[in-house]
Amino acid sequence: MSDNKMADRMIHATKMKDRRNWRKMGGKNYDFGVLISLLVICAVWYFAAHAVDNPFTFPYLEKVLYELYYSITDMYVIKNVAITMRRVLTGSLYAFIIGFPLGMIMGYSPRGLQLMSPFINSLRQVPIMAWVPLAIVWFGIGDGPTIFLIAFSGIFTIILNTVAGVQDISKDFYNAARSMGANTLDIIRDIVIPGSLPGVLTGVRLAIGMGWMSVI
């Protein structure tokens with residue numbers, strides 16, 4: 001595949017990322033619809049569990065809620081949740097440190113996008129579980145492999161959304177800045193970074209969510 005086609009594929013991937021699509025699909029009554037859906041699910045769960053009357057295969061809703069309350073008030077569980085949260089935030093921070101500058105370069109420079117997109121597209125196709133043996137060999141047993149996998153799962157999301165955020169900036173801003181004598185550093189500082197923040201924040205939010213999915 002040529003560099004141009006790889007760059008086009010990268011750009012297409014950025015446009016397909018989550019940008020509050022579910023909320024837009026639900027319209028202005030999205031929050032109300034979510035509440036109704038949860039109530040319906042709880043009602044179906046409650047009556048179905050009592051109809052089956054076998055907690056081993058279909059636990060009661062009230063029992064699950066009780067255990068949830070017990071878990072969130074147990075210090076042992078809270079301690080382990082805090083450890084997990086530290087790992088997720090640490091891995092997401094590493095993903096941001098690596099993914100943000102790469103996304104900026106790829107979004108601002110067409111040449112950088114063409115050069116890097118083949119490597120990024122190749123690496124992000126590898127399933128996260130395929131990296132587990134290598135992560136253990138590289139980092140040993142402990143927090144190292146977990147943080148590596150969390151960072152690896154989120155770095156591409158940050159890159160793609162940062163690229164999309166940079167490319168969503170109107171060309172008129174660049175032309176206006178250059179007409180007033182701004183150099184490349186001024187454009188990056190005053191236009192590219194502030195203008196790409198919506199995409200960057202979306203990427204960080206998604207990366208943290210993917211980190212929670214990868215932490216196991």
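One is the number of the first residue; the rest follow in order along the sequence. Since the model is a prediction, treat every value here as computed from it, not as a measurement. Note: hydrogens, waters and symmetry copies are ignored here, and every other heavy atom, side chains too, is used.
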For [X] against [Y], the heavy-atom pair lying closest together:
{"X": "Ile169", "Y": "Gly165", "value": "CG1-O, 3.5 Å"}
{"X": "Ala177", "Y": "Ile187", "value": "CB-CG1, 4.2 Å"}
{"X": "Arg189", "Y": "Pro194", "value": "O-CD, 3.3 Å"}
{"X": "Ala151", "Y": "Ala95", "value": "O-CB, 3.5 Å"}
{"X": "Pro118", "Y": "Ser122", "value": "O-OG, 2.7 Å"}
{"X": "Ile158", "Y": "Thr162", "value": "O-OG1, 2.6 Å"}

Steps toward side-chain contact (heavy atoms from CB on, under 4.5 Å) verdict (Leu160, Arg124): CA-CA 11 Å; Leu160 294 175; Arg124 71 188 186 92; 3.9 Å; yes
Derivation of the side-chain contact (heavy atoms from CB on, under 4.5 Å) call for Met116 and Arg111: CA-CA 9 Å; Met116 296 184 188; Arg111 177 60 63 182; over 6 Å; no
Gap between atom [atom2] of [Y] and atom [atom1] of [X] - 0.5 Å precision:
{"X": "Ile188", "Y": "Ile191", "atom1": "CD1", "atom2": "CD1", "answer": "10.5 Å"}
{"X": "Leu113", "Y": "Ile120", "atom1": "CG", "atom2": "CD1", "answer": "10.0 Å"}
{"X": "Thr84", "Y": "Asn80", "atom1": "OG1", "atom2": "CG", "answer": "6.5 Å"}
{"X": "Gln125", "Y": "Phe156", "atom1": "CD", "atom2": "CZ", "answer": "9.0 Å"}
{"X": "Thr202", "Y": "Asn161", "atom1": "OG1", "atom2": "CG", "answer": "6.0 Å"}
{"X": "Tyr66", "Y": "Ser71", "atom1": "OH", "atom2": "OG", "answer": "10.0 Å"}

Validation row: Tyr174, Tyr108 side chains within 4.5 angstrom (heavy atoms): yes
Close side-chain approach of Met75 and Ile78, heavy atoms under 4.5 Å: yes
For [Y], does its backbone N or O pair with a side-chain atom of [X] as donor and acceptor, under 3.5 Å?
{"X": "Ser109", "Y": "Met106", "value": "no"}
{"X": "Asp74", "Y": "Tyr70", "value": "no"}
{"X": "Trp138", "Y": "Pro145", "value": "no"}
{"X": "Asp53", "Y": "Ala49", "value": "no"}

Cluster check [X], [Y]: I/L/V/M/F/W/Y, side chain < 4.5 angstrom:
{"X": "Val126", "Y": "Met129", "result": "yes"}
{"X": "Ile155", "Y": "Tyr94", "result": "no"}
{"X": "Tyr76", "Y": "Ile72", "result": "no"}
{"X": "Leu89", "Y": "Val204", "result": "yes"}
{"X": "Val64", "Y": "Val52", "result": "yes"}

Tyr60 atom OH: more than 12 heavy-atom contacts under 6.0 Å: yes
Counterpart residues, ring pair (Phe, Tyr, Trp, His ring centres under 6.0 Å), relative to Phe139 (two or more places apart): Phe148
side-chain contact (heavy atoms from CB on, under 4.5 Å) between Met104 and Ile193, intermediate numbers included: CA-CA 8 Å; Met104 282 290 174; Ile193 293 179; 4.1 Å; yes
